[in-house]
There are 2 protein chains.
Amino acid sequence: MLKLTRKVEYALIALRHMQGKELESVSSTKEIAVRYNIPIEILAKTLQHLAKENIIEPINGPHGGYRLKAQLGDINLVEFFERVEGPLGLSDCFYDSNCVQIDYCNIRTPIQRINANMMSMFRSMSVQDVTN
Amino acid sequence: MLKLTRKVEYALIALRHMQGKELESVSSTKEIAVRYNIPIEILAKTLQHLAKENIIEPINGPHGGYRLKAQLGDINLVEFFERVEGPLGLSDCFYDSNCVQIDYCNIRTPIQRINANMMSMFRSMSVQDVTN
DNA sequence: TTTATATCCGATAGATTCTGTCGTATATAT
DNA sequence: ATATATACGACAGAATCTATCGGATATAAA
């Protein structure tokens with residue numbers, strides 16, 4: 001409950017890795033996978049996803065890899081989590097409402113308040129707060 | 001990702017239900033299950049768990065059920081989540097460390113900072129903030 | 001004392017999500 | 001050409017979440 005997914009963690013590890021290098025320099029999937037002991041195939045998918053989101057830029061071919069493209073300070077954590085994992089919320093009913101309790105639920109409003117607090121907390125931090 | 005479990009939601013729904021009634025009055029599992037459209041067996045388990053945690057008090061026999069026992073204002077949300085679901089944290093490595101990345105991880109410290117923020121946010125709210 | 005209505009509790013099954021793997025295609029530097 | 005990268009859909013295994021089943025104990029009331 002209330003945990004990050006591996007995918008988000010792998011993404012952050014990779015971004016921090018890239019952040020630690022010179023701006024133009026390129027990091028390959030293999031390099032990162034070996035360095036941090038991450039299964040290469042799943043890291044590959046994660047990086048492809050970040051590339052599709054224009055957060056990193058892919059370089060094809062030998063000596064290729066990825067380098068940072070977006071300003072990590074401009075992406076807050078709610079935005080980042082949603083771009084990597086989709087809609088965010090303490091309960092599904094805040095973005096998709098096929099919950100059988102929805103018509104009777106007596107805690108929807110208070111939970112939504114807490115959810116707003118959580119969102120606001122994550123929104124107050126940027127990806128760079130993690131990768132620096 | 002970052003969602004509450006049904007068990008926690010059912011527990012909160014039940015507590016709010018009890019909170020809305022007179023102090024001495026008793027609510028049965030069936031009454032709550034029907035009222036909020038919750039599978040009765042799983043709600044039963046949840047209430048038994050809350051009883052073991054001394055948050056509610058069981059009354060056996062016909063016309064039995066449960067009534068509030070603890071002061072809900074005294075239980076903060078971190079404590080509540082942990083009493084219902086066990087250890088809490090954005091990543092497992094904050095309370096149990098068989099993560100294969102642990103020796104190489106470059107984001108453990110920043111994530112722990114975010115985790116501390118989240119904990120502090122949940123600690124600043126009590127169960128009563130949800131059930132009132 | 002029997003009966004009906006509750007809680008109690010371990011075992012298990014089903015569903016969903018999370019995590020990781022495989023195979024194949026495409027791009028490009030040397 | 002070849003070697004080394006990314007791209008990507010399909011699938012498989014694992015873990016967690018959610019729900020169900022069966023049978024036990026407790027007690028109020030007929």
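Letters A, B, ... mirror the listed sequences (proteins, then strands); counts begin at 1. Everything numeric here is computed off the predicted structure, so don't read it as measured data.
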Original post:
Is there a donor and acceptor pair closer than 3.5 Å between the side chain of K7(A) and the base of dG20(C)?
Top reply: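 There is none.
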Original post:
Side-chain donor or acceptor of Q48(A) under 3.5 Å from a matching atom on the base of dA7(D)?
Top reply: yes
Original post:
Picking from dG20(C), dT20(D), dC8(C), which would you name as closest to the side chain of I42(B)?
Top reply: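 The answer is dT20(D), which lies nearest to the side chain.
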**OP:** Choose from dT7(C), dA4(C), dT20(D) the nucleotide whose nearest atom is closest to any side-chain atom of T29(B).
**Re:** dT7(C)
Subject >> Atom-pair distance (NZ on K45(A); P on dC18(C)), nearest Å >> reply: 16 Å
Subject >> Euclidean distance, atom CD1 of residue I38(B) to atom P of dT18(D) [Å, nearest integer] >> reply: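 Distance check: I38(B) CD1 to dT18(D) P gives 12 Å.
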Original post:
Do the side chain of R67(A) and the main chain of I56(A) share a donor and acceptor less than 3.5 angstrom apart?
Top reply: no
Original post:
Given dA6(C), is OP1 or OP2 found less than 4.0 Å from the side-chain N or O atoms of Y66(B)?
Top reply: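 No, because none of the side-chain N or O atoms of Y66(B) sits under 4.0 Å from OP1 or OP2 of dA6(C).
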Subject >> N-O pairing of R35(B) and E31(B) below 4.0 Å >> reply: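 E31(B) and R35(B): not salt-bridged.
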Original post:
If we only count heavy atoms from C-beta on, is the F80(A) to I55(A) side-chain gap below 4.5 Å?
Top reply: yes
Subject >> M1(B) vs G64(B), nearer the 5' end of DNA chain C by closest nucleotide >> reply: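 Whichever sits nearer the 5' end wins; that is G64(B).
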Subject >> Given K7(A), E9(A), K3(A), the one that forms side-chain contact (heavy atoms from CB on, under 4.5 Å) with T5(A) >> reply: K7(A)
